Amino acid sequence: MDERITRLNERPVAPGQAVVYWMQRSQRSSSNLALNEAVERANELRQPVVCYFGLDDSYPQTTARDYRFVLEGLQDVAQGLRERNVRLVVRREQTVQGIARLAGELKASLIVTDESHLRLGRRRRKQAALLLEDFDIPLWSVDNDVVVPVRVIGREQYAARTIRPRLHRLRDQYLHPIPNPSAVAAPPQVESAVDLKNLDGTLAVLQVDRRLERSALYVGGERAAQQTLERFVTELLVRYHTHRNDASVDVTSNLSPYFHFGHMDPWTAALTVGRADVPREAKESFLEELLVRRELASNFTFYNEQYDTLAGLPEWARATLQEHASDEREQVYTLTELAEARTGDDLWNASQQELLLTGSMHGWVRMYWGKRILEWTRTPATALSHTLHLNNLYALDGRDPVSFANILWCYGKHDRPWPRRPIFGTVRSMTRSGANRKFDVARYIGRIDALKEVNSQA
DNA sequence: ATCGGCTCGCGCAA
DNA sequence: TGCGCGAAGCCGAT
């Protein structure tokens, strides 16, 4: 357990009146190791637990759709925390200032938060640790959203094949059901400024980008996440290993938005799939995605500060893209043309429509989507910046480590060289003819058109 | 439908 | 120092 906890300032547990769980990434009331740490320490101290969430509408590259998903999630959190005797406080403010103020109000003994594997999140936690140090309040973070803590792996991994044996060796040690202990002391009365029961009213006052209001597919929250997992396991998992790259008959889990906001945790997903009555290959294929690929992504963003630039790539990839940077492009599209799904490739347009409508994209198609943008922009640096912009703004799992790793993979990260081609150099290419060979493209496009139809009538 | 060649560098055996 | 092998490919040959 200790390698999961980082003491972000040097203060010992203070003689205060409550323990605060500062909820950030892990927006769930169960299977939450940071919340559990807060509850256990509070119970030792015979103090109550308060869970704080700062709803900050100045978060970059977000839309109303993201906030709706978050608020739906907080409705489930409120109910789940009541059952664990923990008070939820949600206030509309910048979360670093908010946690410092609440810590003073409550005379907190200790604040526990969940780990971030990204620059912005880690910077925020550092700032808070410094503010709280002045009040003599300790801040701890718990590596709460990966099965094997990133610090146990210890350094950046070159590829899936290097992290895979390490994760498999450590799996039995870390993959167990997470308990949900309750706080013993009665929670204090604290003002919670955001009304979660009136979701539309709360959304209406936020100063957010309203171009996207809701997803045609996803409802946020732990309950929806659990239902999505159960449907995946009972209906889709049996064909996962044979059809996961066939976008025309989507058998993927659709869990990535829930993982991004912490509505689902990797222990519940892995253990539920492990118990399923399906062929071994199906389970292994999913666990490869969930454990190896997902945790490789967190390893990447945690240990490589350059996770969103070409500088994050291995040397061979950077060199070969540079070498081919001035290759002739048959088509060049602007960011607006891409965002509005107005290219000459109907498969690509459908994938962008899927992103706009639902907030996510089929796994294989997502790679194709990223690789094609490289062909349609003047330089790899422009391609990457366009791709990151579209993904951050429109995907519900934008700004997730998995998103950054997936996008950099399109430029050679965690991959190997392949035969030389225009623009790509020795980075692996993906073509429309390849997609046609691989699955029924017209059927995928039809599926997205139908979604568009239903959505425009609603 | 399946296979080989294309290409590079890590990790482990030696 | 050598060798096996790797996220989702492509193309052409069988």
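Proteins come first, then strands; the chains are lettered A, B, ... in the order of their sequence lines, and each starts at number 1. Note that this is a predicted model, so its numbers are computed, not measured.
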**Asked** Does Arg28(A) make a cation-pi contact with Tyr258(A), if we ask for NZ or CZ under 6.0 Å from the ring centre and within 45° of the axis?
**Response** no
**Asked** Cationic tip of Arg372(A) within the cone over Trp369(A)'s six-membered ring, i.e. under 6.0 Å and within 45° of the normal?
**Response** no
At 4.0 Å (heavy atoms only), tell me whether [X] reaches a base, stays on the sugar-phosphate, or touches nothing.
| X | answer |
| --- | --- |
| Glu288(A) | nothing |
| Arg164(A) | sugar-phosphate |
| Ala160(A) | sugar-phosphate |

Grab the N/O contacts between the protein and nucleotides 7-13 of chain B below 3.5 Å, and write none if there aren't any.
| from | atom 1 | to | atom 2 | distance (Å) |
| --- | --- | --- | --- | --- |
| dT7(B) | O2 | Pro417(A) | O | 2.9 |

Distance only, no hydrogens: is a donor on one side chain within 3.5 Å (strictly under) of an acceptor on the other, for [X] and [Y]?
| X | Y | value |
| --- | --- | --- |
| Glu222(A) | Gln226(A) | no |
| Asn9(A) | Glu133(A) | no |
| Tyr444(A) | Glu354(A) | yes |

**Prompt:** Does the ring center of Phe53(A) lie less than 6.0 Å from the ring center of Tyr21(A)?
**Reply:** no
**Message:** With a 4.0 Å cutoff (strictly under), does any side-chain N or O of Ser433(A) reach OP1 or OP2 of dC11(C)?
**Reply:** yes
**Item:** Any Lys371(A) side-chain nitrogen or oxygen under 4.0 Å from OP1 or OP2 of dA8(C)
**Value:** no
**Prompt:** Roughly how far apart are Lys371(A) NZ and Met430(A) CE, rounded to 0.5 Å?
**Reply:** 7.0 Å
**Request:** Go ahead and write out DNA chain B as dot-bracket, 5' to 3': ( ) for pairs within the strand, [ ] for ones crossing earlier pairs, | when the partner sits on another strand, dots for unpaired; Watson-Crick or G-U wobble, both distances under 3.5 Å.
**Result:** ||||||.||||||.
